[in-house]
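Bear in mind the structure is a predicted one, so any value in this text is a computation, not a measurement. Both counts, for ligands and for their atoms, begin at 1 and track the order of listing.
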Amino acid sequence: MLIFSIETSCDETAIAIVKAKKNKNYNFRVLANVVLSQIKDHAKFGGVVPNLSARLHLENIIPCVDNAFKKAKILPKQIDLITVTRGPGLIPALLIGTQTAKIFSYLWQKPLVGIHHIEGHIYANFIKNKISAIFNLPVGRQISNSQFPILCLVVSGGHTQLVLMKKHLNYKIIGETLDDAVGEAFDKTARILGLGYPGGPAISQFAAKWKSEIPNSQPKAGLLQRRMNIGLKHLAGKFQIKFPRPMINSKDFNFSFSGLKTAVLYTVQKNKKLLKNEKFIQSISYEFQQSAIDVLISKTIKAARKYNPKIIMLAGGVSANKELRKQLNETVKKSLHGVKYIMPDIKYSTDNSVMIAVAGYYRWQNMSKLQRKKAFDNWKRLKASANLKL
Ligand code: KG4
Ligand code: ZN
């Protein structure tokens with residue numbers, strides 16, 4: 001089955017063409033994965049401007065579609081299913097993607113299925129990664145129906161949730177953020193530190209530099225290294241920065257990240273001159289990131305002890321964070337006997353349309369004959385929704 005897919009919920013115009021094969025479970029071959037990012041256009045405003053994003057989606061969407069068909073080397077008439085992100089997201093941006101999908105559905109006379117953006121992020125975990133299968137890495141796996149329940153930690157720019165799945169396409173939110181999403185906290189912290197937008201990748205790079213220079217992390221230091229370490233120890237002492245781990249001891253599975261961002265703000269306001277010092281930026285990035293990771297992992301493990309999942313998964317743009325990927329994997333192995341861990345391939349962690357196609361395929365498989373028939377004139381009914389619930 002060939003799926004043509006559109007995602008325009010925020011600042012990426014994403015088009016994919018995916019071939020799905022029913023092969024024991026499901027197998028997906030990505031024929032085209034076009035992602036045109038608008039980051040540079042929004043960066044000067046310090047965040048995404050909804051109307052600008054719509055204007056850019058409108059300019060770029062047809063060239064992206066053309067590019068995808070050229071890459072996939074197929075023709076529109078070969079497509080079997082159209083999938084599109086219906087929400088949540090920025091309404092001006094969503095309208096461009098949904099309207100384009102509706103036009104193609106009408107013109108090509110193909111069924112159309114609308115997908116929840118977070119459902120897409122969750123299903124990015126099921127895109128098999130051949131290399132990881134050979135080396136038995138926990139990246140992108142096919143799973144069977146017997147491997148439920150699954151507990152999924154969703155971490156993106158708009159969401160931070162713990163989602164329990166008892167079966168495919170079935171979601172129970174057992175905890176979520178009471179204020180900022182964790183990706184939003186990364187972005188706001190980066191803005192406070194003057195690192196630009198989006199903040200996640202920049203913060204994680206500065207944090208990695210600090211980690212690699214923490215004196216204790218270098219076991220056998222030579223003379224030169226020891227001298228450097230003494231210097232760094234001095235610096236580490238100078239920047240003895242400690243941020244809170246918000247709600248880490250609360251009994252529920254909810255999160256809060258706005259206090260963490262405020263703690264960063266106060267520290268920076270007290271030490272404005274140090275903003276020119278890269279070591280200061282590195283140490284704040286490291287401590288902020290570790291604080292967020294500690295809370296995310298602690299709540300996930302606590303929820304796993306209550307709900308006994310067979311698999312723990314990670315989803316959403318912040319799942320591209322290497323430390324979170326590594327530390328969650330290590331903690332699941334150490335603390336939860338017999339529980340598997342899966343995370344999406346980094347190239348499908350942040351917004352893309354392959355994940356929307358994969359989720360759409362599972363939805364299509366789950367539909368009755370009548371529902372499938374109705375999907376052919378879904379171009380009359382499908383509506384974008386900014387606050388769509390999972
Ligand atoms: O899922 P996504 O691409 O868009 C939304 O659905 O929101 O997530 C974007 C978020 C941004 O807040 C961005 O800063 C964050 O994911 N992000 C990261 C990293 N890469 C992207 N956060 C931490 N570390 C990263 N490496
Ligand atoms: Zn996303």
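By the 4.0 Å N-to-carboxylate-O rule, K373 lies too far from D377 to be salt-bridged with it. Ionic pairing of K110 and D80 is not present here: no N-O contact between side-chain nitrogen and carboxylate oxygen is shorter than 4.0 angstrom. By the 4.0 Å N-to-carboxylate-O rule, D187 lies too far from R191 to be salt-bridged with it.
At a heavy-atom distance under 4.0 Å, only side-chain atoms of H117, from C-beta outward, approach ligand 1. Proximity of H121 to ligand 1, defined as any heavy-atom pair under 4.0 Å, is confined to the side chain (atoms from C-beta onward).
Considering each of I203, N321, I346, the one bringing a non-hydrogen atom nearest atom 26 (N) of ligand 1 is N321. Between the choices A315, G157, G317, the shortest heavy-atom distance to atom 5 (C) of ligand 1 belongs to G157.
The Zn ion (ligand 2) has no N, O or S atom of H159 inside 2.8 Å of it. The Zn ion (ligand 2) lies at 2.8 Å or more from every N, O or S atom belonging to C10.
Under the 4.5 Å side-chain heavy-atom criterion for ILVMFWY residues, no single connected hydrophobic cluster contains both L58 and I39. Under a hydrophobic clustering in which Ile, Leu, Val, Met, Phe, Trp and Tyr are joined whenever their side-chain heavy atoms come within less than 4.5 Å, directly or via other members, L112 and I356 fall into different clusters.
At the shortest separation from atom 18 (C) of ligand 1 among protein heavy atoms lies G200 CA, 3.5 Å. The nearest heavy-atom contact from the protein to atom 2 (P) of ligand 1 is D351 OD1, 3.3 Å. Scanning the protein heavy atoms around atom 15 (C) of ligand 1, the nearest turns out to be V318 CG2, 3.9 Å. The shortest contact between atom 11 (C) of ligand 1 and any protein heavy atom is with D187 OD2, 3.6 Å.
Between P198 and ligand 1, a contact under 3.5 Å exists for no N or O pair.
Side-chain atoms of K209 and S285 form no donor-acceptor pair, as typed in the model, at a separation below 3.5 Å.
Under a 4.0 Å criterion applied to the non-hydrogen atoms of G158, ligand 1 contributes the atoms 7 (O). Numbered from 1 in the order shown, with element, the atoms of ligand 1 that lie under 4.0 Å from a heavy atom of G183 read 12 (O). The distance from ligand 1 to the heavy atoms of A320 drops below 4.0 Å at these ligand atoms: 20 (N), 26 (N). Residue-ligand proximity, S204 to ligand 1, at heavy-atom distances under 4.0 Å covers atoms 26 (N).
Between F4 and W108, the ring centre distance stays below 6.0 Å.
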**salt bridge (charged side-chain N to carboxylate O under 4.0 Å, His left out) assessment of K211 paired with E287** = CA-CA 10 Å; K211 193 180 175 191; E287 177 60 12; over 6 Å; no
**Message:** What verdict does the salt bridge (charged side-chain N to carboxylate O under 4.0 Å, His left out) test give for E184 and K188, after you've listed the backbone C-alpha separation in whole Å, the side-chain angles of each residue and the deciding distance to 0.1 Å?
**Reply:** CA-CA 6 Å; E184 197 180 346; K188 286 178 176 169; 3.3 Å; yes
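Of all the N, O or S atoms in D351, the one closest to the Zn ion (ligand 2) is OD1.
The shortest non-hydrogen separation linking G97 to V84 is O-CG2, 3.6 Å.
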